[in-house]
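As the structure is a computational prediction, the values presented were derived from the model and not from experiment. Positions are given from 1, in the same order as the sequence printed here.
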Amino acid sequence: MAREPLRLLRATAQRAGTLAVSPLRRFRRPSQTASAAASPDRTAVASTPFDPTALDPTARPRSLVRAAGLAAVTVLGAWIGLLVVGSVHISVGPMDTRMALRPSLTGGTKINVAPLGALELNSHHAPLRLDVDVDRLDPIRSQALVDHPERLSGLQDEVASDVTRGTLGLAVRSCVAVVFGATALGLAVYRRPRRALAAGGLALTLLTASGGAVYATWNPNSVLEPRYSGLLSSAPSVVGNARSIVTDFDVYQRELARLVTNVTQLYEATSTLPAYQPDPTTMRVLHISDVHLNPAAWHIVQSLVRQYKVNVIIDTGDTMDHGTSAENGFLDPVSDLGAPYVWVRGNHDSASTQRYLAKRKGAHVVDNGEAVSVAGLRIAGIGDPQFTPDRSAAAAGDAAEHSAGRRLAEAIRDRRAAGAPVDIALAHNPIAARETDGTVPLALTGHVHHRRTEVLPGGTRLMTEGSTGGSGLRAVDDGTPDTVQASVLYLDRDTRRLQAWDEIDLGGLGLAKAEVSRHLPAENRPGATPTPTTP
């Protein structure tokens, strides 16, 4: 009887050692079962579930640490595998490309066309980003397209087939890459094949789950709203306008093919921006604001007017900085910008500024709810009721802005009742512009030096532009100059409704960076239900 406790302790230790070696072994061999059945005491001990924490309270924390370590090794090894061998080289039409999957927090697709720039698509939301690097144009295949233009008609199918083949090859190679990378790193860290294989299996599971997320969030319409950078920022003007992209996608594909076969045109963008192909059914409005005495802004405006064949320029104020008569000469270039110039007073623009500008050729000043008809658009506006450089007058605050906005809204309602509805309302401060909600389809404003677009509850779209002057010459004093911003709006010539807009960002004063991103209103996307014609 004295040996019975010792025998039980030895059996328990052997049981713990067996589980430590192989946690998956939960059943005894038949010989053990038979011997256990011969002794009721042993059966009672063997049938009791074993809890390793009863012998070692630190077992559970160590298990969590081991699991976290395995996850870290898996992710790092899979990442290394993707970086080293997780890419494929494939020919897409006349181009030699390299496709790769890269870890990412936001997903999407990035197409790099060195040295021209990049094209980004919001194609999916997953922890993987698809990178496509255009290495070079194959001279033989490119020359064949130039010599035989009739082959362009089949280029779309050829490109689609090449991309499908490349994507399948990339998927297979990525699976091999993550398994190989995680297994190799697991073997180097743990020096145990079973642990290494567990890391490889976990990596394959994570990649499969990420692929499922890509499939679930895939957005084929992301090509309609690309984001361009570098010299490719001229691509929207080369490809075509929003109307052709939405309603005539085949034309869009042919223009893309022309862009590929005539890629040298983009090199000229450093000095001469390519001409925008005008559409007779579309009007183009260049929206600028808050120039703040930056003379470089006039050169930017002239370039955009030429590139996009702009019909009218709308400036929502703060063109000046102090509003003194000494600054008035700064406004002289507005007569030579290449398009009619519509202006509304900002809080840095004085009455003297307004009177001087009203005398300039090609300039149209709107104030007190008055409306002007320019390039087929009826535009009404009201100047900012406050002139902040004047320190002798106390600031009236938001109440004055609300009051000015209500006066503008009342004037717009009166014009609609008289059979002359307003297409665009202008105010410098967004607070004033909000009061026009429900009276006009589109309201433009500035003042806050950052861009924002929203649809107000009454249906009016309020578009606030950033600073086309990069916050003015004062920004030069900062280590990082502010971004120069402007927008090109595309309006239907018949309905005067917004069809799309391009947001243009330049990398501030002295910085060589340009980005253009195209946006479509929700009602103008493919398959959307058209909105009513009111307000």
Side-chain angles (χ1 to χ4, degrees), residues 233-234 236-237 273 284-308 310-323 327 330-349 353 357 360 362-366 379 381 383-384 424 426-430 433 442-453 462-476 478 480-489 501-517 519:
S233 60
S234 62
S237 62
L273 292 172
R284 296 159 194 79
V285 176
L286 176 61
H287 183 198
I288 66 174
S289 191
D290 296 86
V291 171
H292 284 289
L293 284 181
N294 182 359
W298 299 133
H299 299 286
I300 294 170
V301 171
Q302 284 180 322
S303 178
L304 293 174
V305 168
R306 289 194 303 268
Q307 177 187 359
Y308 289 94
V310 167
N311 299 108
V312 58
I313 305 165
I314 293 181
D315 187 344
T316 46
D318 271 8
T319 313
M320 315 302 263
D321 220 358
H322 303 286
E327 298 173 347
F330 176 75
L331 299 169
D332 291 345
V334 301
S335 301
D336 302 316
L337 295 178
Y341 178 85
V342 180
W343 181 85
V344 68
R345 187 180 69 250
N347 61 295
H348 282 262
D349 305 316
T353 299
L357 182 60
R360 307 305 303 170
H364 304 268
V365 174
V366 290
I379 305 169
D384 198 297
I424 303 177
L426 305 183
H428 177 66
N429 195 311
L442 181 63
L444 303 182
T445 184
H447 183 62
V448 294
H449 291 206
H450 62 82
R451 185 187 288 122
R452 182 178 180 183
T453 299
L462 176 61
M463 303 186 76
T464 302
E465 189 53 79
S467 174
T468 310
S471 299
L473 295 178
R474 289 171 295 178
V476 179
D478 299 332
T480 305
D482 290 349
T483 301
V484 173
Q485 296 183 322
S487 298
V488 177
L489 317 180
W501 69 96
D502 287 342
E503 294 180 350
I504 302 164
D505 296 308
L506 305 177
L509 299 172
L511 299 180
K513 176 185 177 183
E515 293 182 354
V516 179
S517 56
H519 302 269

Q: Quick check for you: to the nearest 0.5 Å, what is the distance between Met463 atom CE and Thr453 atom OG1?
A: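 Going from the CE atom of Met463 to the OG1 atom of Thr453 covers 4.0 Å.
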Q: Can you measure from CD (Gln485) to OG (Ser289) and round to the nearest 0.5 angstrom?
A: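 Separation between the atoms: 10.5 Å.
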Q: Answer whether the closest heavy-atom distance between the side chains of Val488 and Val285 falls below 4.5 Å.
A: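 No; the side chains remain at least 4.5 Å from each other.
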Q: Side-chain contact, heavy-atom cut-off 4.5 Å: Ile300 with Val484?
A: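 The answer is yes; the side chains approach within 4.5 Å.
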Q: How close do Arg284 and Tyr308 get, heavy atom to heavy atom, and via which atoms?
A: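 Of all heavy-atom pairs spanning Arg284 and Tyr308, the closest is CD-O, 2.6 Å.
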Q: Under a 3.5 Å distance rule, please check whether His519 uses its side chain to pair with a backbone N or O of Trp501 as donor and acceptor.
A: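 Absent.
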Q: Does a salt bridge link Asp318 with Arg345, judged by any charged N lying under 4.0 Å from a carboxylate O?
A: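 Judged by the 4.0 Å cut-off on N to carboxylate O distance, Asp318 and Arg345 do not form a salt bridge.
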Q: Atom CH2 in Trp298, atom CG in Leu331: separation rounded to 0.5 Å?
A: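 Trp298 atom CH2 to Leu331 atom CG measures 6.0 Å (nearest 0.5 Å).
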Q: Which heavy-atom pair separates Val291 from Ala297 by the least distance, and what is that distance?
A: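 So the two residues come closest at CG1-CB, 3.6 Å.
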Q: Give me the atom names and distance for the closest heavy-atom approach of Thr316 to Val344.
A: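 That closest heavy-atom pairing would be CA-CG1, 3.6 Å.
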Q: So Val312 and Val310, do their side chains get closer than 4.5 Å, heavy atoms only?
A: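 No, too far: nothing below the 4.5 Å cut-off.
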Q: Going by heavy atoms in the side chains, are Thr353 and Thr319 under 4.5 Å from each other?
A: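 The answer is no; the side chains never approach within 4.5 Å.
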Q: Taking the side chain from Asp349 and the backbone from Gly346, do they hold a donor-acceptor pair closer than 3.5 Å?
A: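 Yes; at least one donor-acceptor contact below 3.5 Å.
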Q: When rounded to the nearest 0.5 angstrom, what distance separates CD1 in Ile314 from OH in Tyr341?
A: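 One gets 11.0 Å once the value is rounded to the nearest 0.5 Å.
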Q: Would you compute the distance between atom CD1 of Ile379 and atom CD1 of Ile424 and round it to the nearest 0.5 angstrom?
A: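 Reported to 0.5 Å precision, the distance equals 5.0 Å.
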Q: For side-chain contact (heavy atoms from CB on, under 4.5 Å), just list the numbers for Trp343 and His364, CA-CA rounded to whole Å, side-chain angles, deciding distance to a tenth of an Å, and then say yes or no.
A: CA-CA 6 Å; Trp343 181 85; His364 304 268; over 6 Å; no
Q: Can you tell me if Glu327 uses its side chain to pair, donor with acceptor, with the backbone of His322 under 3.5 Å?
A: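 The answer is yes, because a donor-acceptor pair under 3.5 Å joins these two groups.
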Q: Just how far is it from atom CG of Asp315 to atom CG of Leu357, taken to the nearest 0.5 Å?
A: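 Result: 8.5 Å between the selected atoms.
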Q: Who are the side chain to side chain contact (heavy atoms under 4.5 Å, CB included) partners of Ser467, not counting sequence neighbours?
A: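 Listed in chain order: Asp290, His449, Ser471.
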Q: Tell me, do Thr464 and Arg451 make a side-chain contact under 4.5 Å, heavy atoms counted?
A: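 Thr464 does not reach Arg451 side chain to side chain.
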Q: Could you pull out the closest heavy-atom pair between Ile288 and Ala486, with the gap in Å?
A: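 The answer is CG2-CB, 4.2 Å.
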Q: For Val448 and Pro430, which heavy atoms make the closest approach, and how far apart are they?
A: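 Scanning both residues, the minimum pair turns out to be CG1-CG, 4.3 Å.
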Q: Step by step, work out the side chain to side chain donor-acceptor pair (under 3.5 Å) result for Glu465 and Ser487.
A: CA-CA 7 Å; Glu465 189 53 79; Ser487 298; 2.6 Å; yes
